[in-house]
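Beneath this line is the structure, given in structure tokens, with notes to follow.
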Protein chains: 2
Amino acid sequence: MDRLFQALADATRRDIVARVLVAEYSVSGLAEQYDMSFAAVQKHVAVLERASLVSKEKRGREQIVRGELDGVQEARRLLDEYERIWRQRVSRIEDILAEDEDRT
Amino acid sequence: MDRLFQALADATRRDIVARVLVAEYSVSGLAEQYDMSFAAVQKHVAVLERASLVSKEKRGREQIVRGELDGVQEARRLLDEYERIWRQRVSRIEDILAEDEDRT
DNA sequence: CGTTTCTACAACCATGTGGTTGTACGTTAG
DNA sequence: CTAACGTACAACCACATGGTTGTAGAAACG
């Protein structure tokens, strides 16, 4: 989880994810898109890969980067859980208020 | 967004979020739950507050921490968007395959 | 009143992070 | 074969982060 959210906590990496979800890119193809060194982009891709947000596949001398839903869905599960907990609390509070209503 | 995901990228902070979504805690009440200094927990709460995952309200000499859904939902929106993009690509690929089918 | 409790904040330290450059190696093109 | 391309990785730097301790102020307690 740490790696997952850490990976998403950078604008460049979120942009990479958005791009590779739409189409395939080589690492150098991605590097062209940003105003930073190839090595920097390479590191970003590595971070995304460790977080299961992206996968790489060797094709000739290029390394093709694809978007993976695994990471996205895992992160979503946690947020859904938070929302569920919150709604439970709210409804519990409403129940208590309803009991008070009964007593009036 | 950076602040949001950055805030979620720490196990202690995620635990704090989970706790305050269920019930209210004072900052010192939260600090008791963890094996670290009060100041450390205070910093975590501050990070969560800047990310709209938590809100504080003064009550007497205590500061009450509550869970906020704002941040959670904002993060979810991005992940939903990623999932939407991904499904669009998949269905586009399926359309292309279907066209190929037509030609056979 | 004085003392305790809860909070805020600054200073400090070790480590991690995002960026750089440089080097090395496999693969394709001429 | 040689040159160019795409990649991997190490070393380095500036700065952020997660933790500590210490100090100080505001609110509650006796």
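Computed from a predicted structure; not experimentally measured.
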Roughly, in whole Å, what's the span from [atom1] in [X] to [atom2] in [N]?
X     : N      : atom1 : atom2 : result
B:I16 : D:dG19 : CD1   : C1'   : 14 Å
B:Y34 : D:dT20 : OH    : C1'   : 19 Å
A:Q42 : C:dC25 : CD    : C1'   : 13 Å
A:D10 : C:dT17 : CG    : P     : 12 Å
B:E62 : C:dA8  : CD    : P     : 11 Å
A:K43 : C:dG18 : NZ    : P     : 9 Å
B:D2  : C:dG18 : CG    : C1'   : 12 Å
A:F38 : D:dT7  : CZ    : C1'   : 5 Å

What nucleotide, of [options], holds the atom closest to the side chain of [X]?
X     : options               : value
A:A39 : C:dT21, D:dA8, C:dG19 : C:dT21
A:R61 : D:dC5, C:dG18, D:dG18 : D:dC5
B:Q63 : D:dG18, C:dT7, C:dG18 : C:dT7

### Message
Other residues, nucleotides and ligands only: do more than 12 of their heavy atoms fall within 6.0 Å of CZ on B:R3?
### Response
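It does not: B:R3 CZ has 12 such atoms or fewer within range.
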### Query
Does the pair B:E94/B:R89 count as a salt bridge with the N-to-O cut at 4.0 Å?
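No, no charged N to carboxylate O under 4.0 Å.
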### Query
With distance as the sole criterion, is a donor-acceptor pair present between the side chains of B:S52 and B:E68 under 3.5 Å?
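Note: B:S52 and B:E68 side chains miss the donor-acceptor criterion.
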### Message
Please tell me if A:S28 has a side-chain N or O lying less than 4.0 Å from either OP1 or OP2 of D:dC5.
### Response
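False: A:S28 side-chain N/O out of range (4.0 Å or more) of D:dC5 OP1/OP2.
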When we call it a touch if two heavy atoms are under 4.0 Å apart, what does [X] touch: a base, just sugar-phosphate, or nothing?
X     : result
A:S26 : sugar-phosphate
B:S37 : base
A:K58 : nothing
A:R13 : sugar-phosphate

### Query
Among A:R77, A:R76, A:R84, which one satisfies salt bridge (charged side-chain N to carboxylate O under 4.0 Å, His left out) with A:D80?
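Among the candidates, only A:R76 passes.
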### Task
Find which nucleotide of DNA chain C each of A:Q6 and B:K56 is nearest to by heavy atoms, and output the residue with the more 5' nucleotide.
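Of the two residues, B:K56 wins.
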### Query
Want to settle it: does B:V27 or A:T12 sit nearer the 5' end of DNA chain C, counting the closest nucleotide to each?
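Comparing both residues, the 5'-ward one is B:V27.
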### ILVMFWY cluster, B:Y34 and B:V47 together (side-chain gap under 4.5 Å)
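No, because B:Y34 and B:V47 fall into different hydrophobic clusters, even though each may have its own neighbours under 4.5 Å.
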